[in-house]
Amino acid sequence: MIIRQALFEGRIHEGKEAAFKAYVADKLMPMWLKFPGVREVRVLYALERDEGAPAYPMVLSTMYDSRETLAEALDSPVRYESREMTQGLLAMFDGVIHHHVFELKA
């Protein structure tokens, strides 16, 4: 299995936490679930971290069967639509997004 994660490094604007989470649930999650070949979509919200560790208030994790399936998803029209929709989310966020790809082994 291939896992692609988007790590949101930074901070959600003060007082916008609920709106941020609602935007993800209402606008982005339906799009992410339409990525071709996606097996699982998880959104993780930070509760705590080690002292001095960077802040990742949200992590998006998606699972695919193979690197080829991931490539198809990343080249799909819904991916570009979701990138455009993400602009509304970024209006409530200060920071950067890092994407990482992992291989999941049993």
Side-chain angles (χ1 to χ4, degrees):
M1 291 291 170
I2 300 298
I3 309 293
R4 184 172 190 256
Q5 293 188 328
L7 290 83
F8 285 66
E9 182 179 3
R11 66 174 192 82
I12 300 169
H13 294 171
E14 181 117 5
K16 294 291 186 180
E17 295 84 1
F20 186 94
K21 290 177 181 180
Y23 194 95
V24 169
D26 298 340
K27 298 190 181 289
L28 291 169
M29 182 60 89
M31 297 177 109
W32 295 333
L33 290 169
K34 291 180 183 175
F35 275 43
V38 72
R39 285 196 158 256
E40 178 181 274
V41 179
R42 290 187 182 195
V43 176
L44 307 147
Y45 292 106
L47 295 176
E48 57 188 62
R49 65 183 187 274
D50 290 342
E51 186 175 328
Y56 295 101
M58 187 182 102
V59 175
L60 166 64
S61 182
T62 55
M63 180 186 291
Y64 298 90
D65 287 332
S66 66
R67 291 182 64 88
E68 294 77 19
T69 307
L70 171 60
E72 290 171 17
L74 295 179
D75 196 36
S76 70
V78 70
R79 190 242 183 149
Y80 294 101
E81 293 168 15
S82 75
R83 286 177 75 183
E84 185 66 31
M85 185 65 70
T86 299
Q87 297 308 307
L89 189 70
L90 296 179
M92 297 180 265
F93 179 76
D94 290 324
V96 296
I97 303 170
H98 303 274
H99 291 90
H100 300 263
V101 176
F102 300 92
E103 182 175 32
L104 177 63
K105 294 284 190 182

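Along the sequence shown, residues carry numbers from 1.
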For the backbone of Phe35 and the side chain of Ser76, can you confirm whether one donor and one acceptor N or O come within less than 3.5 Å of each other? no

Under the salt bridge (charged side-chain N to carboxylate O under 4.0 Å, His left out) definition, can you give me all pairs with a residue in [range], not counting sequence neighbours?
{"range": "residues 71-93", "value": "none"}
{"range": "residues 92-106", "value": "Arg11-Asp94, Glu103-Lys105"}
{"range": "residues 33-55", "value": "Arg39-Asp65, Glu40-Arg42"}

Are [X] and [Y] connected, step by step, through hydrophobic side chains (Ile, Leu, Val, Met, Phe, Trp, Tyr) whose heavy atoms are closer than 4.5 Å?
{"X": "Leu89", "Y": "Met31", "result": "yes"}
{"X": "Leu7", "Y": "Val101", "result": "no"}
{"X": "Met58", "Y": "Phe93", "result": "yes"}
{"X": "Leu74", "Y": "Met29", "result": "yes"}

Other than Tyr80, what residues sit in its cluster of Ile, Leu, Val, Met, Phe, Trp and Tyr side chains whose heavy atoms are under 4.5 Å apart, directly or through others? none

Hydrophobic cluster mates of Met63, side-chain heavy atoms under 4.5 angstrom, ILVMFWY only, any path?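 Reading the cluster by chain and number, Met63 sits alongside Met1, Ile3, Phe102, Leu104.
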
Sequence-distant partners of [X], side chain to side chain contact (heavy atoms under 4.5 Å, CB included), two or more places apart:
{"X": "Ala6", "value": "Phe8, Leu60, Ile97, His99"}
{"X": "Pro30", "value": "none"}
{"X": "Lys27", "value": "Tyr23, Met85"}
{"X": "Glu17", "value": "Ile12"}

Excluding sequence neighbours, so at least two apart, what forms side-chain hydrogen bond (donor to acceptor under 3.5 Å, both in side chains) with Thr69?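 In terms of side-chain hydrogen bond (donor to acceptor under 3.5 Å, both in side chains), with neighbours along the sequence ignored, Thr69 is linked to Ser66.
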
Calculate, to the nearest 0.5 Å, the distance between atoms NE2 and CZ belonging to His13 and Phe20 respectively.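 One gets 9.5 Å once the value is rounded to the nearest 0.5 Å.
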
Report the C-alpha separation of Lys21 and Val43 in whole Å, then their side-chain angles, then the decisive distance to 0.1 Å, and conclude whether the side chain to side chain contact (heavy atoms under 4.5 Å, CB included) test is met. CA-CA 10 Å; Lys21 290 177 181 180; Val43 176; over 6 Å; no

Within the 4.5 Å heavy-atom criterion, are Trp32 and Val24 side-chain neighbours or not? yes

Pairs involving residues 42-67, ordered by first then second residue, that meet ring pair (Phe, Tyr, Trp, His ring centres under 6.0 Å) (sequence neighbours left out): none

